[in-house]
2 protein chains.
Amino acid sequence: MHLDERERRRELYRLQAMLCQVLADPTRIELIELLGEGPKAVKELAQATGQRQAKISQHLAVLRQRGLVHAQRVGTEMHYSLTDPRILEACHLTRSLLLDQLLRQGELAESVLSERR
Amino acid sequence: MHLDERERRRELYRLQAMLCQVLADPTRIELIELLGEGPKAVKELAQATGQRQAKISQHLAVLRQRGLVHAQRVGTEMHYSLTDPRILEACHLTRSLLLDQLLRQGELAESVLSERR
DNA sequence: TTACTGTATTCGAATGCGCGAATATTCTAA
DNA sequence: TTAGAATATTCGCGCATTCGAATACAGTAA
């Protein structure tokens, strides 16, 4: 199957969108952050996030299917870890982008307020 | 309204997820890439992507509402531009992450194939 | 004014996602 | 083998998202 240049770029954008979709959930972001500290069992993750185990497993399944995390059996537990530290980097970059946005909005709000004084 | 530490972190993750959600669409990624080259009119963007104008406007509206792009009237046209070059950076980082993943999968496929020889 | 170009919005249908609840699976220890 | 702990999966509902089609709106030029 041969794709021309535009189709190849489109396909890449499609895959990239799927990757971003995985990052587009607060629970999954939290899981990635926690796994950034090192491998953890499902139970630990459930405890740390305060979420029900089934929910955590569901989100871990998504991360697993997309190849962002790796699971390993240790006795009766499953230990999850990030497959690539750059996943954490990507999270941090989008977060700093977000913080800048919030900051700018804050400044905007302040300047609007100061104009009214 | 006072939030404790955990709630504040949760709220941040929620906002970050919303930001990622915006990046989780192939058309929007393409628009961001195009706007990375400089400001462009809606018509240009529609042409460059080969998508219908209404669709482009819809996606631009999403980007606008989330503060990723800025719109400016120029005569009868609307010129869109990125509000922050780091948006492009974020796109590029997730893309390189994706490419690494694809590469690794490719290597895996190759090693599986070579084992069977 | 009218006509035209460029852009935005609305609507409805189809699809996809996240969640809780319930259930299944897998491993270990007795 | 049975019991129990840890984890995974399935199902169904409510909600959000995307798209095309149609329509509305804004600015310009005649």
Side-chain angles (χ1 to χ4, degrees), chain A residues 10-11 13-35 38-82, chain B residues 10-32 34-35 38-82:
Chain A
R10 282 270 156 70
E11 176 63 9
Y13 289 151
R14 201 180 60 79
L15 292 173
Q16 187 177 348
M18 287 174 65
L19 179 59
C20 288
Q21 179 65 36
V22 175
L23 302 179
D25 180 276
T27 302
R28 287 197 290 266
I29 292 173
E30 193 171 5
L31 290 176
I32 289 170
E33 289 291 337
L34 287 167
L35 293 178
K40 291 199 172 20
V42 177
K43 196 185 175 186
E44 287 180 82
L45 295 169
Q47 259 182 277
T49 60
Q51 312 271 6
R52 297 172 193 283
Q53 172 266 321
K55 182 170 165 178
I56 297 301
S57 276
Q58 283 170 2
H59 284 294
L60 286 172
V62 175
L63 292 169
R64 216 186 326 123
Q65 282 156 15
R66 300 292 199 238
L68 299 199
V69 303
H70 171 247
Q72 186 185 10
R73 250 213 167 345
V74 176
T76 174
E77 295 180 338
M78 289 295 268
H79 286 196
Y80 280 84
S81 50
L82 294 181
Chain B
R10 282 270 153 71
E11 175 64 8
L12 199 59
Y13 290 151
R14 201 180 59 79
L15 292 173
Q16 187 177 349
M18 287 175 65
L19 179 58
C20 288
Q21 178 67 34
V22 176
L23 301 180
D25 180 277
T27 302
R28 287 197 290 265
I29 292 174
E30 192 171 6
L31 290 176
I32 288 170
L34 287 167
L35 293 177
K40 291 198 173 17
V42 177
K43 196 186 175 186
E44 288 180 82
L45 295 169
Q47 259 181 275
T49 59
Q51 311 270 6
R52 297 173 194 283
Q53 174 266 320
K55 183 170 167 180
I56 297 301
S57 276
Q58 284 170 0
H59 283 295
L60 286 172
V62 174
L63 292 170
R64 215 187 326 123
Q65 283 157 13
R66 300 291 198 238
L68 299 199
V69 303
H70 170 246
Q72 187 184 10
R73 260 222 122 69
V74 177
T76 174
E77 296 179 337
M78 289 297 270
H79 286 195
Y80 280 84
S81 50
L82 295 181

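Here the structure is a predicted model, which means the values were calculated and not measured.
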**Message:** With a cut-off of less than 4.0 Å, is there a side-chain N or O of Y80(B) near OP1 or OP2 of dG6(C)?
**Reply:** no

**Request:** Mind listing the residues from residues 51-66 of chain A sitting with a heavy atom below 4.0 Å of DNA chain D? Number order is fine.
**Result:** Q53(A), A54(A), S57(A), Q58(A), R64(A)

**K55(B) and its side chain to side chain donor-acceptor pair (under 3.5 Å) partner, picked from Q58(B), Q53(B), H59(B), Q51(B)** = Q51(B)

**Request:** Verify whether one side chain among H79(A) and E77(A) offers a donor that lies under 3.5 Å from an acceptor in the other.
**Result:** yes

**Message:** What is the first contacted nucleotide of DNA chain D and what is the last, in 5' to 3' order, if contact means an atom lying under 4.0 angstrom from a heavy atom of chain B?
**Reply:** dT18(D) to dT28(D)

**Request:** Please step through side-chain contact (heavy atoms from CB on, under 4.5 Å) for the pair Q72(B) and M78(B), ending with a clear verdict.
**Result:** CA-CA 5 Å; Q72(B) 187 184 10; M78(B) 289 297 270; over 6 Å; no

**Prompt:** Closest nucleotide of DNA chain C for T27(A) versus for R73(A): which of these residues is on the 5' side?
**Reply:** T27(A)

**Item:** Closest non-hydrogen atom pair, A48(B) against L34(B)
**Value:** CB-CD1, 3.8 Å

**Complete:** E77(B) atom CD is separated from dC4(C) atom C1', nearest whole Å, by 14 Å

**Message:** Testing the basics here: between V42(A) and S57(A), what is the closest heavy-atom pair and its distance to 0.1 Å?
**Reply:** CG1-OG, 4.0 Å

**Prompt:** To the nearest angstrom, how far is H79(A) atom NE2 from dC27(C) atom P?
**Reply:** 14 Å

**Prompt:** Can you name the closest pair of heavy atoms from V69(B) and L60(B) and give their distance?
**Reply:** CG2-O, 4.1 Å

**Asked** dG16(C) P sits how many Å from Q21(B) CD, rounded?
**Response** 14 Å

**Message:** Could you report the tightest heavy-atom contact between Y80(B) and L35(B), atom names first, then the distance?
**Reply:** O-CD2, 3.3 Å

**Integer-rounded Å distance: dC17(C) C1' and I29(A) CD1** = 15 Å

**Message:** With side-chain contact (heavy atoms from CB on, under 4.5 Å) as the criterion, how do Q47(B) and I56(B) come out once you've worked through the C-alpha distance, each side chain's angles and the decisive distance to 0.1 Å?
**Reply:** CA-CA 10 Å; Q47(B) 259 181 275; I56(B) 297 301; over 6 Å; no

